[in-house]
Every structure is written in structure tokens, then in C-alpha cells.
There are 2 protein chains.
Amino acid sequence: MTTIYDALADPTRRRMLDLLRERPRSVNEMVDLLEISQPLASKHLKVLREAGVVQVRQDAQRRWYELRPAPLAEMDVWLSSYRHLWESRYDRLDDLLKELQEDTQNILQDEQQNALQEDTHKENDDEQS
Amino acid sequence: MTTIYDALADPTRRRMLDLLRERPRSVNEMVDLLEISQPLASKHLKVLREAGVVQVRQDAQRRWYELRPAPLAEMDVWLSSYRHLWESRYDRLDDLLKELQEDTQNILQDEQQNALQEDTHKENDDEQS
DNA sequence: TGGTTATATAACTTGACAGTTATATAAGAA
DNA sequence: TTCTTATATAACTGTCAAGTTATATAACCA
């Protein structure tokens with residue numbers, strides 16, 4: 001049986017996961033980005049599949065690999081029992097609240113952006129009419 | 001170079017860390033608890049040392065192994081960039097606040113315990129006097 | 001149909017690692 | 001000093017994993 005810990009032991013596989021964290025990728029895309037041979041990529045992806053940390057979607061000849069986070073979440077549970085050793089609950093509360101604040105600010109900025117774009121569209125409409 | 005990911009790949013080493021999470025342990029203690037040979041334990045502990053996740057304190061013939069959480073914390077940073085995939089910020093806030101509440105309750109209980117014990121001591125003092 | 005593209009797999013080599021037994025080291029204890 | 005205890009290390013075996021080259025599969029394309 002292949003565990004998530006086995007899957008993460010290889011640095012190439014960790015880089016693969018880092019790529020898939022951004023978005024799904026085809027095999028050849030990862031071959032190019034990681035500068036490894038295609039068979040090697042397929043072998044590593046097989047290990048990641050066996051560990052259940054990626055899944056595949058077929059689209060004609062291409063196979064889109066995407067993240068399946070469950071095993072990472074499971075590892076996170078294990079790691080949780082150690083977390084108090086380096087981070088107090090208040091530190092973590094602090095981090096989270098900062099992130100939430102950033103989220104809120106991003107939402108506000110997006111809304112302003114949208115408002116601006118709508119204005120521009122209106123101007124264009126005016127010109128065309 | 002031995003990484004924390006290499007160190008965690010072996011299940012016996014993960015069990016060793018789980019034991020050291022509770023308190024420092026001698027080699028033979030872990031040999032008994034994990035039911036492995038002494039040389040094997042020493043070899044695994046060497047890997048954990050090389051990964052920097054344990055450190056040793058010598059006390060006569062005994063060597064007390066204890067956790068050194070830095071590499072786990074480093075791995076936690078890596079894992080953090082994936083955490084949004086399975087847990088919303090609000091879920092985490094929820095978990096943390098629950099933990100903090102439990103902490104507070106524990107502290108209050110401890111204080112009540114101490115108060116009770118002090119009472120008992122007073123009674124004993126009374127009897128003795 | 002034949003050729004091309006994308007991916008997987010088989011066969012192989014090499015190196016690393018888990019585990020074993022035997023032995024070395026080094027610090028008490030008698 | 002000799003014996004015992006606690007741990008590390010050396011030497012060895014067997015398995016497994018990373019990486020390679022060559023080939024299979026399978027879908028699209030002309």
C-alpha cells in the first residue's frame with residue numbers, strides 16, 4: 001500500500017503536487033516544467049494516484065491530473081497533534097484573523113473593480129448610441 | 001541529505017515520533033514499545049537525527065531522545081498552502097475557538113482542584129494540631 | 001488507412017534502504 | 001579489573017524504488 005508519506009518522500013513528486021496546487025495539468029505539461037522524462041513522470045504520477053492524492057480526467061488523448069486533497073488532510077490531522085510544539089493557539093488565531101481580514105479586503109477591492117468596469121461599459125454604450 | 005519527508009516515509013519512524021510526542025525516551029524504551037531490534041531502533045533514530053527532528057541528551061549510558069519540532073513546523077508551512085483545499089478559514093477559526101474555550105475550562109477546573117486540595121490540607125493541619 | 005500525439009508500461013540497471021547478526025564502544029557496578 | 005548495561009556501528013542480505021530505453025496503447029488527424 002502506498003501512503004501519503006511514501007508519496008511525499010520524493011522531491012519530484014512534491015514538485016508535481018505544487019504544480020497541481022495551481023491547476024490541473026497534463027502529463028506533458030509537467031514533463032516540460034519539471035524537465036524529466038515522460039516515462040518517469042508517468043511512474044511518479046502512478047505513485048501519487050496509488051496514494052490517492054491525485055486523480056485523472058481523460059480528455060481525448062490528454063489526461064488531466066488534478067489534486068485530491070483528502071490524504072493531505074489526513075496527514076494534517078496527524079501533524080495537528082504536534083502543532084502545539086511550535087505554535088501557540090493565540091499565534092494561530094492571529095494568523096487566521098489576518099487572513100480573514102485580507103480576504104475581506106480582496107472582496108472589497110474586487111467590488112470596486114467591478115463598479116469601475118461597469119462605469120466604463122456605460123461610457124462605451126453612451127458613445128455607441 | 002535527509003529531509004523530514006524522508007524521515008516520515010517509514011511507519012516505524014512515525015511511531016517513534018508519536019512516542020516522543022508524549023515525552024523523551026531512551027532507546028531501549030522504544031525498542032520494547034515498538035517491538036523492534038535494538039540495532040534497528042538505533043538506525044531509525046540516526047535517520048531522525050539527520051533530519052533534525054530529534055535530538056539526544058546523554059545521561060550516563062542512557063541516551064534520552066527528544067523531539068525537535070522545527071522540521072515538522074517547516075513541513076506545516078508547506079502543507080499550509082494546501083489547507084484551503086479541505087478547510088475553510090471559518091472552519092479553522094471555529095476549531096481554534098473551541099480549543100481555546102476548552103483551555104479556559106481546563107484552567108478553571110485546575111483552579112477549583114487546587115482550591116479543594118488546599119482545603120484538604122487545611123483540614124489535615126487542623127487534625128494534626 | 002497510415003501517421004502523429006499523448007500517455008502508459010515492460011524490462012532493465014543501479015542505488016538506497018529495512019532488517020538481521022555480530023561486534024565495538026563506553027559508562028557504571030561489583 | 002572484570003562484568004553488565006545501553007547504545008552505536010559494521011557487514012551483509014533482500015527488497016524496492018528511481019531512472020533509463022524501448023515498446024505498447026489508444027485516440028485523433030490527413
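Chain A is the first sequence line, chain B the second, and so forth, proteins listed ahead of strands; every chain is numbered from 1.
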Exam field: side chain B:D59 to backbone B:R62, donor-acceptor pair closer than 3.5 Å: no
Base-contact (B) and sugar-phosphate-only (S) positions in nucleotides 6-11 of chain C, heavy-atom cut-off under 4.0 Å, - elsewhere: SBBB--
Donor-acceptor under 3.5 Å (A:Y5 side chain, B:D6 main chain): no
Main-chain N/O of A:L8 paired to A:R14 side chain as donor or acceptor, under 3.5 Å: yes
5' precedence on DNA chain C between B:Q58 and B:V47 (nearest-nucleotide basis): B:V47
N or O in side chain of A:S37 less than 4.0 angstrom from D:dG19 OP1/OP2: no
Over 12 foreign heavy atoms within 6.0 Å of CD, B:E74: no
Distance in angstrom units between B:D10 CG and C:dA16 P, rounded: 17 Å
Proximity of A:W86 and A:Y82 rings by center, below 6.0 Å: no
For atom CD of A:E35 and atom P of D:dT20, their distance in whole Å: 12 Å
Spacing between B:Y5 atom OH and C:dA16 atom P, to the nearest angstrom: 22 Å
Rounded distance in Å - CZ (B:R15) to P (C:dA18): 15 Å
Euclidean distance, atom CE of residue B:M30 to atom P of D:dA6 [Å, nearest integer]: 14 Å
Between C:dC17 (C1') and B:L48 (CG): distance, integer Å: 14 Å
Atom pair distance, as rounded to whole Å: CZ in A:R57 and P in D:dA27: 18 Å
N/O (side chain, B:H44) to phosphate O (OP1/OP2, C:dC17) under 4.0 Å: no
From CZ (A:R21) to CE (A:M16), nearest 0.5 Å: 15.5 Å
A:V54 backbone acceptor or donor facing A:R49 side chain under 3.5 Å: no
Rounded distance in Å - CD1 (B:I36) to P (C:dA18): 11 Å
